[in-house]
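Okay, structure first, notes after.
Here is the naming used below: chain letters follow the sequence lines, and residue numbers restart at 1 for every chain.
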There are 2 protein chains.
Amino acid sequence: MAQKELKEFIDNASQIYLSHLSLDCVVFGFHDGQLKVLLLKMKNSDRWSLPGGFIKQAESMETAAIRVLNERTGLDSIFLQQFHVFSDPGRSDNKEKNAHLRRAGIAVPAGHWFMQRFLSVGFYALVDFSTVTPQPDAFSDDCAWWDIGETGQLILDHSRILFKALEVLRLQLHYQPIGYNLLPPKFTMPELQKLYETILGRKLDRRNFHRKILSYEILRPLKEKRQGVAHKAPQLYSFDTIKYQKALKEGLGGI
Amino acid sequence: MAQKELKEFIDNASQIYLSHLSLDCVVFGFHDGQLKVLLLKMKNSDRWSLPGGFIKQAESMETAAIRVLNERTGLDSIFLQQFHVFSDPGRSDNKEKNAHLRRAGIAVPAGHWFMQRFLSVGFYALVDFSTVTPQPDAFSDDCAWWDIGETGQLILDHSRILFKALEVLRLQLHYQPIGYNLLPPKFTMPELQKLYETILGRKLDRRNFHRKILSYEILRPLKEKRQGVAHKAPQLYSFDTIKYQKALKEGLGGI
DNA sequence: TTTTCATTGTGTTGATATGACACAATGTAA
DNA sequence: TTACATTGTGTCATATCAACACAATGAAAA
């Protein structure tokens, strides 16, 4: 977004968006055996932030989040989940906000809509890394994937939001299937295992994992194997979307 | 709260509270082997609502929820958990709001703060039934405990909020200890079991439940037994608060 | 062509947890 | 003293889980 558009956004925001309410998205992707998160680099600064946005006057939180995510990733079918409201009165520090605006070349008056206190609803999204086209927004000049744990200190309380999202994701792993949104349509068992290991932060036994995942009956073995890899060609799988959705709703067997 | 105070509240609300943001609390209690929820009866109406409130300009969501809960129950140490943001643009129907205000004897102009769209953050609270003193608020003339499942149709989307809270509570039961906030300080094993059965909505085996709960090591058997009951006097327990808090944070054993 | 070797696929076994069940102990009330 | 509802605890069969070993595959190296 050009400078002019940014100015326009700031000028009209109070007409279009709800006041003191924002949303921040933790977009998880998976690539090269690493869990990644999509971040934005603030203009003329080396600090990074979570992609976020505001809520239009007559829009639901979910709709707003989908809109933001679509703008940042180009995707329009995204697994989205709200996980926490961050409402600490001290969370949006005006000094820091002002500094970022100044660097972005924008000045806003003291009582401006943007200078209000903001409460933020945290969403996390699971996306297929390979289909994302990262797009910076009006406040940023770069949008890129970062390894979880190598993000450094994000702006405001975004590090805390990221941490909380990861915590919730780990919990969900125990009673919900995962992977459909993070992996390409066809994938191998070792790839799925690596995903689980990365999210949980620990190694899993290959044979036990295989047995356990198959017992959920959410996978369909394909008639093909992955080609062009060194060593034995692994079996390709895809998710059985019907059973996957059912497991999402009803949980995985026991617990 | 008297009529004058209500008028004053409506007049000053926009100065004191954030706009288009509210919170609603699902307060669970346990009594007579039944899971109860605290509800308010709208003035001059037979419809009931969840206790709710608004967020002061410089207050966190949690602080606001604690304030509301304290006003409704008299308690100041409450187990509180936010669980969802309800943001459907159609959720706060102005026709219904107007009707309730009219019945409460209040008229507000069309563009008034109160007539805005509201997004609501849902909290659930677990409280010791016996220590609560239900107090109606400015919009209600009664505050009382209702059996879950006998509440009928609540105002606005409050039935949906209640249902969602129950859903989340059931999920939490699988990886968090529960009971400390719902039971009196001393309780028996059958009482704890009845609580679990009520929340889960199904019978549990007495002997297996006993074994399982004890394996969590969050209970301390007391040197007394419940007196004055027919039949064999049951052993009294209390929660080991240190281990209980630890289990709250770290989850129950495996999963 | 053969060998090497990292990787994939699968079976077994012992330990542990779970669910189904039965019986003895207790204390009030008949 | 007896009846009886309720509490407390033990056992056993079964399911689940963690730990482990070996054969199959196929590209790369020799």
Hey, can you pull the residues of residues 223-234 of chain A with a non-hydrogen atom under 4.0 angstrom from DNA chain C?
His231(A), Lys232(A), Pro234(A)
Residues of residues 200-208 of chain B with any non-hydrogen atom less than 4.0 angstrom from an atom of DNA chain C: list those, numerically ordered, please.
Asp205(B), Arg206(B), Arg207(B), Asn208(B)
Identify, with sequence neighbours excluded, every residue that meets side-chain hydrogen bond (donor to acceptor under 3.5 Å, both in side chains) alongside [X].
{"X": "Ser49(A)", "answer": "none"}
{"X": "Asn181(A)", "answer": "none"}
{"X": "Ser45(B)", "answer": "none"}
{"X": "Arg206(A)", "answer": "none"}

So, using ring pair (Phe, Tyr, Trp, His ring centres under 6.0 Å) as the criterion, who are the partners of Tyr196(A) when residues are at least two apart?
Phe209(A)
Can you list the residues that meet the ring pair (Phe, Tyr, Trp, His ring centres under 6.0 Å) rule with His31(A), with sequence neighbours excluded?
Phe129(A)
Pair Ser60(A), Asp88(B): side-chain N/O donor-acceptor within cut-off below 3.5 Å
no
What pairs of residues pass the salt bridge (Lys or Arg N to Asp or Glu O under 4.0 Å) test when at least one of them lies in residues 169-198 of chain B, not counting sequence neighbours?
Lys186(B)-Glu224(B), Glu191(B)-Arg226(B), Glu197(B)-Lys203(B)
Give me each pair satisfying salt bridge (Lys or Arg N to Asp or Glu O under 4.0 Å) with a member in residues 140-154 of chain A, each pair once, sequence neighbours excluded.
Lys36(A)-Asp147(A), Lys41(A)-Asp141(A)
Just the rounded figure in Å: distance from [atom2] of [N] to [atom1] of [X].
{"X": "Lys212(B)", "N": "dG19(C)", "atom1": "NZ", "atom2": "P", "result": "7 Å"}
{"X": "Leu214(B)", "N": "dT18(C)", "atom1": "CG", "atom2": "P", "result": "13 Å"}
{"X": "Gln235(B)", "N": "dG27(C)", "atom1": "CD", "atom2": "P", "result": "12 Å"}
{"X": "Ile213(B)", "N": "dT18(C)", "atom1": "CD1", "atom2": "P", "result": "12 Å"}

Taking heavy atoms of chain A and a 4.0 Å limit, find me the 5'-most and 3'-most nucleotide of DNA chain D within that range.
dC17(D) to dA27(D)
Only pairs at least two apart or in different chains count here, so list each side chain to side chain donor-acceptor pair (under 3.5 Å) that has a residue in residues 68-81 of chain A.
Gln81(A)-Gln172(A)
